[in-house]
Each structure stands twice: as structure tokens, then as C-alpha cells.
Amino acid sequence: MSSLISKIKSGATNNQPPPLESNPIMQYFEVGKESSSAGHGLLWKVHDAYRKSDGKECSVFVFDKRIAEKLYKVKRKETMLDRIRGCVSMLEKMRHPKMLQILHSIEEGHNTMAFACEPVIASLHNILAWHQSMVEQGGHPTVMPHPISLAPPSSHQQHYVPPQRPPYAKEYYFLDIELRYGLVQVIEALHYLHYTSHQIHRNVCPQVIIVTKRGTWKLFGLEFLENVIGPDPTEMMTVSPWSIKVAKLSQPNLDFLAPEIQTNGQCNILSDMFSLGLVICAIYNNGKQLVQANNNPMLYMKQIEYLDHQLNAVLPRIPAGLQEAVQRLLSRDPHPRPTTQLLPLIKYFKCQSETAILAMQFLDVITMKDPNSKSNFYLGNLLEALPYIPKKLRWQHVWPALQLEVRTAEVLSAVLQPILWLINEATQEEFSLYVMPTLKICFRNLLNSPRSVQASVIILENLHVILRKCLKEELTNEVLPFLYSSLENSANQIQTSSLIALQNVSDYIDDNSLQNVVLVKIKDVLEKNPNDVKVISLILGFFEKILLRLEKGHIVDNVIPTLLSMRLTDPDIVNRVVILYKAMLVERKFNLNTCVMATKMIPSLAPQTVNTSLNVDQFTNLMEILYDMLDSIDKHQRYRLKLDGYTLPSPERHRRLRHQMSTDNMQAPPFNIPNLRVEQRKTSSAEDMARKNSVTAPSATGSVGGFRSTGIGQWFFGSSNSTNNDSNFLRVANAFPNRRLSDNTLMTPKIRIAPSCASSPGGTPGGSTGLPARRHSSIGPQERRGSAVNLSPPTAYQYRGRGGSGSSLSVPSTSQCVGGSMPNTSSSVPFLLTSSMQSIRSRRPSTCLSNSQGSGLLQQLSSGMVRHLPIGSAGNVQVHAPHWPFQGASAATYNAMNNAAVRKCPSLNITLTR
């Protein structure tokens, strides 16, 4: 009997497939070639197809009724056909996501029965048969060690022979996560049958497990369902054992049958779990079944006796987390077998891929969820799980579900987030193959649907992600037209997002479209939103990016009019407009017309000079651009007038801003000289006195009482031959302790203290030795000796030399003043007064003076000082010297000197105070 069946099947296989023209299903579907087989006994031939109404991809299952006619009598033939019809009808009623989804109910022709379902790759039996053939001929195992793509791995063997493909075998490689997820799906399908439908499948085997093109595993083959009678699904019920007296196509698959059915004629829901255990072993055993009875019940029973031994040989190939569960599933006693409630809870299914598996499970039932649940899933769980889903399953399992949701406006904005994630991770080939066809439909729907504002915003703000993957034709024909149309949209949100997209994708827009299309549309956007600060700011940002790509004509015709139409109220906008104008002036190729500057640009910016919201930097930039524009106008207009024969004087403009920012106008702290009081002169000025001194005694260089006659006069009023005639004539109210006479040579940038005498150290012009020397009043004018005291202040300041600026404060360095003496300040740089006088106070008194010489020296001092005072001058000179250099002088000596000075010049009141 079995040989007859084999001959009939082989003959049916060799013959041409039955014609489908007579089957009514051809009216609704375009059926292609046969791709695989499925169902009990692999009687169903699977064809690739698509629906004519909407082009939806699907698969068409075709059953040849001639097989039943040759095998059965009329009564048994109808029983078999009824089972097949009942199977399809039950699947259509269930519509469970883990069961094969029926798209079109069964249609019958003269020789065929056919129905349409979701697109499938093949049955699990087809895939395992191909892997088994590979292993037998030295190929590769079923389960790849690492996640790979759909392409088969290249063999490293030198003499690799491609395996001979069995009938309907399907080349397909499983990932580890695919196997985990596939087993979970089968368990969930059985759970639905056992606890919701209260039915037993009775024929769980690789032939009735369908692998869809999404990579999901669906349960099929419900021809042998049995209803659970009692309330307890684990309660045994009576069934017929497998018999050789009945055609095998009318009985379940013996190789996956539970032993209690064959030995006791009883079964329950745990009988399906035994069959599931055998399926798991076949998967991890490279497609080879543990039981191969060849439709012989006696051989089946013998192999069941040795099942434990065979299982121990296969266990090492099964993942460690699944081994214990498989051992319990294949227990001959039904009670230790785990149910569909307990099996998904084992550690094998609770691994790192659990997040990915849960996300894919939700996608299987996404069509039954409400829009709010869908949105939360797309924005939350799916985005979290996508990194853990292999690329193969992203496009095979996740993408088809997202592709369907693109047509739904309620969840479109949410589903775009995982789509953008996939686009960012996709290659250009994957993008063109999977994503771009769907995006084309999405672009068209968004332009025509007012309910998709948020979705349009998301796409526009992420348009640069899409453009990175686009081909040039897709960019020109699909993406950029959508962007240009969005600029014309009436919704403010879409216009704003379009401006953001322009900045992000400006590099992808060609110059012609940029100059002739985009600039015109931007001008229209500004006219619709004249007061929107965000829109104005985005337009300015776009101009900043593309300015150098434009030509003069586009600047004058589009950019400048757009800038002029902006309401310059916000300080940041004003500053950015100023920056753009400055860039236009700097760029030579623009060569802006001075008429445009004078009549449009300057009048638009001038009112902002009194804008109180501008900070100092913004105001400075504004004034600078105005000055630059005026300079350009001035040069152009002056050049034109010169060509016309006019001569104009060069204008002297006082630019207060630039003057204020210059270093000449910097504020410096007040310069205070410690212990110095300057009194107002009562009579003539310092210039008059200096001039009179130079007239009355031009060559008075003699000695009076041991002093040179010019010494005291120069000490008080400055050198008679000094070139600095504008120095102030000062009175010294306080002197410093322990200070010599020559140390009173002090000068400041604005106030000069009378210099020392010409014969002081360093003051003799044209000296033979050039070495500084100092004298004592008791020594003759020609007798000089070097100072024993270093009088030079700290040398941290740089000496600017003779003839230096009088406003500089410096001291000569030791390398320029040998011996440390101070040069004559009438022709040298003044001495710098520091805030601390410690260096001056620490100097020791002159050792050239003694107490015995004090009186005579004071008389000579007074006589010499009076001789240098003009006869007609009148005024007060008060010198307060609490630490006069003559340390031994008494009060009587000071009074004597004072009286002598008064007698010599009664008109000038000279008072020396101690």
C-alpha cells in the first residue's frame, strides 16, 4: 500500500502541476511559480503571488485533488477533502497571530483547491531537509554560530561539493535568535489551542510549521484536531493509534507521535509537548529526526525504547539552557512534561535577546492594538529593542510591520521614529530596496493629508538622514520636491521645519535650484511670517550657509530685499543682518552698488543705532558696518566727481566711536606724587620766569660762595638751556628723609620738579670721561669725584634714552648710568616716581657734607638762589624740608639762610621750613 502511494506521489511530482486557470482564485491573485511545499504529507504546493486589487504580496497554497481520487474510495476521498476544507476554515476563524494568516478563503476548481495566505518562505521541513543534505555531503550545520546575513557562508574547504537539493528543499540559514523566537511562537500557538480553544493538535511536526517571509513561525495543519472534553486539559482522552490499515495521509505523522497514543490509545495536551520535543531535537540535529519509523508502528516502538540513548547523543548540540526542558519533554510518562504555560519561563527564553523577542512578539499582534498602544510601543519598546535585533530580522520581521503602519495617519508620526533609526543603520542598497518605495508613498500622502502635520515635521527635521542614503535620481525626483512643496505649506510648523531642513540639506541642493527656486520660496515664507522671530532666524542661518554660493544678481534681487523686509527688533537678528552685510561688502564678487547702500541698506540699519536692546559688541558691529558703507560711498562718489572735474577737500570726520575705542583715549588712574604739594603761583608763569632768567644771566656760570651761580636756579626752576620750555614751575613743600640735594630731581609725565644743576652727576655735556660724578658745595666746580652711593632706582623699567617722550616714566639702567648716579634731567628722561618710596628713603645721606660747613653753605645757597631770581618778580616760594640733606644744620642756620634770601630779593617771599 505504501509503495503504491509513493508511486502515485512520484508520478504527481514528475507531472506538470495542475492547471489553475479553472480555479476561481485566479480572479483575485496573480500566481507565480511554485516555491515550496507544506502541510501534512507535504500535499500543499506553495506558490508566490500577489493580490491584484492592491498588489499585496502573498502566497497561494494549492492542493491537487487527483491525489485523493487515486488513493481512496469515494467515501474516504470526501472525508479527506473535508478535513482539508475544515483546516483552512478553522484557521480563517481563529485569526490568531501565531497561526497561519488566511487572506482569502479556500476556492475549489475542477482539479484543485487553493487559498491565499500571508507570504511564506517554506515549511520548516523544507529548510531542515536542505540542511540535512548539506551535512550529509560535508556542508554546513543548520544553526550558524554567529548572526549572519541571508547569504550563505563561503566554505573554506578546498574540495567542497554543493549538496544535491532534495525536492522542495529551501536554502535558509537560522540565527540563534530566530530559533528562540520561532520556538516561542510555536509554544504560544499551542498554548492558544490548549487553553483557549481547548483542542489538541495531534500532529505537531516540521511539515506543519510554516516560516513566513517575516521570519516568524506559524502553526498550520489542523486536520487532526481533537476537542478537550473535560475541564482539565491534562485529562486523558481516547484516540485511535496509528495503523498500517489506514492511509498515512489520513493519520498524523508517526515519527513525531507521542508514545501514549500508540501504546494506550490515549492522549492529552501533553502529547503535543512530546511532539514539540522531537521537533526541537530535529532542529538542533541538523534536520535529522530522532525517530525514523518509515510509517512502521513496530519500528516506531523499538526506537521509542532507545529514545533516551539517542537523546543523550544529541543533547550536546542543544543549548545548555534548553537541555533539561527537552529531557522532560521527551519523557515517556506524560506527567513530567512541561506545559505551554511553564516552558516559556525557562532560562533559555529569558536571555539578553528577551527584549528583542518581546518586541517582535508585539509586532505580530500590532494590527489588533489601538493607536495609542501602537504609538507607545513604537516610541518606547521598539526603539529600545532595535539594537538587539539582528539586521536580517530588522528587514525581514520588523520592517514589514512598520511598512503597513505608514498608511495609517494616526500612528504615522510615532512609526517614523523607528523607521528613521533603520534608515540611519541601513546601507544604500538596503535603503533603495526596502525603504525608498515606502517613503515615496509617504511623501505623497503627507502632502495631501492635513492630519499629518507632526509626521511632516519629523521627516523634514530628519531629512538629512534620508538624503545620506538616497541615490541621485531619488534625491532629485522624490525628496527635494517634497521639501520645496513643504515650503509652500500653510501650516507654520511645516514651514519652520522646512527652513530647518534647508539648513541641514543645503549641500545636497544644486546651485541652479538654490538660486532660482529656494530663494524665491524663502522670500514668500517671510512674507507670510513677518513677525516670527524663529522663522527670521532660520532664514538668516540659511543665508549664512549659502552666501558664498550665490552670485551678485541673486544677492541684489533676492537676498537683500529679503533682509530689508525683516523687522529688525530683536538684537540677535540685528547683529546677524549686520554680519551678513559685512560679508557682502568683504566679498569682491558681489561688488554691491553704492546706490543700494545709500538708499536701502543704511536707512534700514540707521534706526537701530538707538536700539537700547543692543549690547556694546552688537552696537559696535552696527556702527562699523555703517562706517564701512559710508566709506565705500565716499570713495565711489569722490572718484566719480573727480572724473567729472570737481575737486573736493578731504573731509575730516570725527568718528567718536573709533576715537573712544582707540588706545589714545584710554582712561588711566590718577598719578599722585607722595609728599608733594604744588601751590598756585601769584605772579608770573614758569615760562616767563624761565625766559627772564635766560635773558638776565645767559652765561652766568660763575661761583657764588663756592656754588656755581646757575646751580640753585636750575635746581628750582630748571636748566636755563633746557629745550623743554613748557615745564611747570613747582614748589616742593615736603622733601624726603635722608635725601641729597641732587636727589630732588623728580619728573612726571605732567608735572616736572625742577632739575638738578648742570654740574650735577651726569649733567655736564661733553664730559671727557662720560662717567657720572657728583660734587659737594664746598668743592670747586672743577673738582669732581665719583659718588660712593648707588642712587639709581630699581632697573625693572626700560630706559628710553635722551630725547625720549616726556610722558614716559623710566629710569636709566645700570648699564647706561655707570656708578649708579642720576643723569641731569634737563636733557634726559625724568625719574619715575613709584607708589612706594622705600627705595628713596633707604638711601644714606651724602658723606661729603659736615656740620662745620653747614652755615657757610646755607649762605652760599641763598646768595646763589637770589641771584637767579628776576628783580621784578614777586611771589611765594616755600620749601618744607624736614629732612634737609644738611643733617647737622640747626634752627639758627635755617633762619640765617632764610633772612639772606629775603634781603637779596625782597619782592619774592622765600621761606624755608623744617
Side-chain angles (χ1 to χ4, degrees), residues 36-46 59-63 65 67-68 76 78-108 113-118 120 122-126 182-183 185-212 216-229 233 237 239-240 242 246-258 261 267-276 278-279 340 364:
S36 59
S37 61
H40 177 55
L42 302 178
L43 295 179
W44 289 98
K45 309 306 176 186
V46 184
S59 293
V60 173
F61 280 53
V62 180
F63 174 73
K65 293 194 291 185
I67 297 176
R76 292 186 177 181
E78 291 299 327
T79 302
M80 180 181 180
L81 294 180
D82 288 342
R83 282 181 180 271
I84 294 175
R85 295 187 189 100
C87 171
V88 178
S89 177
M90 195 171 298
L91 287 173
E92 191 175 5
K93 290 178 181 178
M94 287 180 177
R95 292 198 173 275
H96 190 270
K98 308 306 178 184
M99 312 293 288
L100 187 65
Q101 299 295 299
I102 305 299
L103 299 180
H104 190 88
S105 59
I106 194 167
E107 298 279 357
E108 291 193 45
M113 287 192 301
F115 69 92
C117 66
E118 59 185 313
V120 303
S123 64
L124 182 61
H125 176 86
N126 295 152
L183 292 176
Q185 289 175 306
V186 175
I187 293 171
E188 288 185 357
L190 291 175
H191 180 78
Y192 169 76
L193 288 176
H194 294 169
Y195 294 97
T196 303
S197 296
H198 300 285
Q199 293 174 322
I200 305 173
H201 191 280
R202 289 187 62 208
N203 193 31
V204 178
C205 61
Q207 295 175 346
V208 300
I209 297 175
I210 307 299
V211 180
T212 69
T216 57
W217 292 9
K218 301 297 181 74
L219 195 59
F220 179 56
L222 306 181
E223 293 89 357
F224 305 102
L225 280 179
E226 289 287 344
N227 295 324
V228 176
I229 300 175
M237 57 181 298
V239 293
S240 300
W242 206 94
V246 181
K248 72 169 189 177
L249 295 179
S250 299
Q251 301 179 88
N253 193 330
L254 180 60
D255 292 343
F256 292 88
L257 196 66
I261 298 177
C267 73
N268 60 6
I269 60 172
L270 298 177
S271 300
D272 287 343
M273 303 308 293
F274 182 90
S275 301
L276 178 62
L278 290 174
V279 171
T340 55
D364 291 336

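All values derive from a computational prediction rather than experimental measurement.
Inter-residue side-chain proximity for Phe274 and Leu257 is flagged as unmet; no heavy-atom pair is nearer than 4.5 Å. Between Lys218 and Gln101, the closest side-chain pair of non-hydrogen atoms falls below 4.5 Å. Leu225 places a side-chain heavy atom less than 4.5 Å from the side chain of Met90. Using a 4.5 Å heavy-atom cutoff, the side chains of Trp44 and Val62 are not in contact. Between Phe63 and Ile84 the shortest side-chain heavy-atom distance falls below 4.5 Å.
For the residue pair Asp364 / Thr216, no side-chain donor-acceptor distance below 3.5 Å is found, with atom types taken as modelled. Under 3.5 Å, the side chains of Asp272 and Ser275 contain no donor-acceptor pair of N or O atoms.
For the pair His194 and Pro233, the tightest heavy-atom approach, listed with the atom from each and the gap, is O-CB, 4.3 Å. Looking at every heavy atom in both residues, Leu190 comes nearest to His201 through CD2-CB, 4.2 Å. Taking both residues in full, the closest heavy atoms of Ala114 and Val60 are given as CB-CG1, 4.2 Å, listed atom of the first, atom of the second, then distance. Nearest heavy-atom pair, Ser37 versus Asn126, reported as atom, atom and distance to 0.1 Å: O-OD1, 2.6 Å. The two residues Val239 and Cys267 have their closest heavy-atom pair at CG1-SG, 3.4 Å. Closest non-hydrogen pair, Phe115 versus His104, comes out as CB-O, 3.4 Å.
Separation of atoms CE (Met94) and CD1 (Ile102) is listed at 11.0 Å; rounding is to 0.5 Å. We find the SG-CG distance between Cys117 and Leu100 to be 4.5 Å, quoted to the nearest 0.5 Å. Atom CG of Leu43 and atom NE2 of His40 lie 7.0 Å apart (nearest 0.5 Å). We find the CH2-CD distance between Trp217 and Gln185 to be 8.5 Å, quoted to the nearest 0.5 Å. Rounded to the nearest 0.5 angstrom, Asn268 CG and Ile229 CD1 are separated by 12.0 Å.
In this pair, Phe61 and Phe220 present their aromatic rings perpendicular. The plane angle is above 60°, beyond the 30 to 60° band.
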Note to self: Walk me through whether Arg83 and Phe224 qualify under side chain to side chain contact (heavy atoms under 4.5 Å, CB included).
What the structure shows: CA-CA 8 Å; Arg83 282 181 180 271; Phe224 305 102; 3.5 Å; yes

Check: Given the rule in the side chain to side chain contact (heavy atoms under 4.5 Å, CB included) test, do Met99 and Leu222 qualify, once you have shown the distances and angles that lead to the verdict?
Finding: CA-CA 10 Å; Met99 312 293 288; Leu222 306 181; 3.8 Å; yes

Check: Stepwise, does the side chain to side chain contact (heavy atoms under 4.5 Å, CB included) test hold for Ile210 with Leu124?
Finding: CA-CA 6 Å; Ile210 307 299; Leu124 182 61; over 6 Å; no

Item checked: Trace of the side chain to side chain contact (heavy atoms under 4.5 Å, CB included) decision for Glu223 with Met80 -> CA-CA 9 Å; Glu223 293 89 357; Met80 180 181 180; over 6 Å; no

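Listed by first then second residue, pairs satisfying salt bridge (charged side-chain N to carboxylate O under 4.0 Å, His left out) with a partner in residues 187-199 read Lys98-Glu188, not counting sequence neighbours.
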Would you be so kind as to tabulate the donor-acceptor pairs closer than 3.5 Å made by side chains of residues 202-209, with sequence neighbours excluded?
residue	atom	partner	partner atom	Å
Arg202	NH1	Glu226	OE2	3.2
Asn203	OD1	Asn253	N	2.9
Gln207	OE1	Gly41	N	3.2

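Listed for the Gln199 side chain is no donor-acceptor partner under 3.5 Å among the backbone atoms of Leu193.
By the side-chain hydrogen bond (donor to acceptor under 3.5 Å, both in side chains) test, His191 pairs with Thr340, sequence neighbours left out.
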